[in-house]
Amino acid sequence: MKSSSSIEVSSTGEGLQVKARCRGFEITFDESEDMGGTNAGMNPVEGLLCSLGACQSIAAMIFAHAQQIPLEGVGMEVEGDIDPEGFMGNPDIRNGLQEVRCKVRLACGDEDAARKLAALAGERCPVGDSLKNPVPLVCTEVVVEAPAGE
C-alpha cells in the first residue's frame, strides 16, 4: 500500500526564512547571514542531510528490533559538499550536492551483526534511495496571488 506525505512551506516575512509544516509539526529553514538570511534555522540542504541521517538511524533501529539484534544506540554523522556557484548559475558546476558521506555509529555487542545492520539501513533508507536514484519532480500548479493589501 502506497503512502503519501504532504507538507506546506511558506515565507515568514523575515529575510529568507520559511516555515515547513507537516502533521502538526513545524521546522524553520533559513540561510546564514552571509547568504542573506537571518540564521534562524538550518538551510534546506542541511535539512536534507539531517533527513538522511535520521532516516538511516530509524531504519537501523527498526531492522535491529525486527531481527532481534541487541542495539543500544545509533548515531550518524553526515557531510555533504555543495558549491554555491552552481546554484547561482555557473553552468559548469552542479546546483546540488556533489557528494554525501555518512559515518554510522552503532552501540552493539555483535560487530558482524552491526555491520550488516548498517548496510541494510543504507540500502533500504527511503531518503537515501531518493538521493541515489532519480525521482520525478513535478510542479503540478503555480498559483499567483495578489499581494496583501491590494
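Since the structure is predicted, the reported quantities are computational estimates derived from the model, not experimental observations.
The local environment of CD in E111 is sparse, with at most 12 non-hydrogen atoms from other residues, nucleotides or ligands closer than 6.0 Å. Atom NZ of K132 sits in a crowded spot, with more than 12 heavy atoms from other residues, nucleotides or ligands closer than 6.0 Å. Few gaps surround CZ on R101; more than 12 heavy atoms of other groups in view lie less than 6.0 Å from it. In Q68, the CD atom is not crowded: 12 or fewer heavy atoms of neighbouring residues, nucleotides or ligands sit closer than 6.0 Å. Other residues, nucleotides and ligands contribute more than 12 heavy atoms inside 6.0 Å of the CZ atom of R21.
Between E77 and R105 the shortest side-chain heavy-atom distance falls below 4.5 Å. Annotation: side chain of D110 is not in contact with side chain of I69 (no heavy-atom distance under 4.5 Å). Contact annotation: the side chain of V100 approaches that of L49 to within less than 4.5 Å [non-hydrogen atoms, C-beta and beyond]. Under the 4.5 Å side-chain criterion, counting only non-hydrogen atoms from C-beta, P44 is in contact with E31.
Contact detail for A20 and V9: the closest heavy-atom pair is CB-CG2, 3.9 Å. Of all heavy-atom pairs spanning T28 and K19, the tightest one is OG1-NZ, 2.7 Å. Looking at every heavy atom in both residues, G53 comes nearest to M76 through O-CG, 3.4 Å. In terms of heavy atoms, C125 sits closest to C55 at SG-SG, 3.0 Å. The shortest non-hydrogen separation linking S6 to C22 is O-SG, 3.5 Å. Between Q17 and T38, the shortest heavy-atom distance links the atoms NE2-OG1, 3.2 Å.
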Q: Check step by step if side chain to side chain contact (heavy atoms under 4.5 Å, CB included) holds for K116 and Q67.
A: CA-CA 11 Å; K116 289 178 182 172; Q67 297 176 14; over 6 Å; no

Q: Apply the test side chain to side chain contact (heavy atoms under 4.5 Å, CB included) to residues C50 and M42: give CA-CA distance (whole Å), side-chain angles for both, the deciding distance (0.1 Å), then the verdict.
A: CA-CA 10 Å; C50 286; M42 66 183 96; 3.7 Å; yes

Q | Test log, rule side chain to side chain contact (heavy atoms under 4.5 Å, CB included), inputs E145 and V143 | A | CA-CA 6 Å; E145 299 173 341; V143 178; 4.0 Å; yes

Q.
Before you tell me yes or no, could you show the steps for E123 and D129 under side chain to side chain contact (heavy atoms under 4.5 Å, CB included), namely the whole-Å CA-CA distance, both residues' side-chain angles and the distance that decides it to 0.1 Å?
A. CA-CA 7 Å; E123 289 170 18; D129 179 75; over 6 Å; no

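Atoms CG and CE, on N95 and M88 in that order, are 11.0 Å from each other to the nearest 0.5 Å. The SG atom of C102 sits 5.0 Å away from the CD atom of Q56 when rounded to the nearest 0.5 Å. Put simply, CE on M61 and CG on L106 are 10.5 Å apart, with the number rounded to the nearest 0.5 Å. Between R94 atom CZ and D83 atom CG the span is 12.0 Å, to the nearest 0.5 Å. Here CG of N43 is found 10.5 Å from CG of L16. Values are rounded to the nearest 0.5 Å. Once rounded to the nearest 0.5 Å, the distance linking CG of L71 with CD1 of I62 reads 12.0 Å.
Checking side-chain atoms of S11 against main-chain N and O of G13 turns up no donor-acceptor pair under 3.5 Å.
In terms of hydrophobic clustering, with Ile, Leu, Val, Met, Phe, Trp and Tyr side chains grouped at heavy-atom distances under 4.5 Å, V127 and I58 are assigned to a common cluster.
Of the listed residues (V74, L52, V104), just one forms a side chain to side chain contact (heavy atoms under 4.5 Å, CB included) with S57, and that residue is V74.
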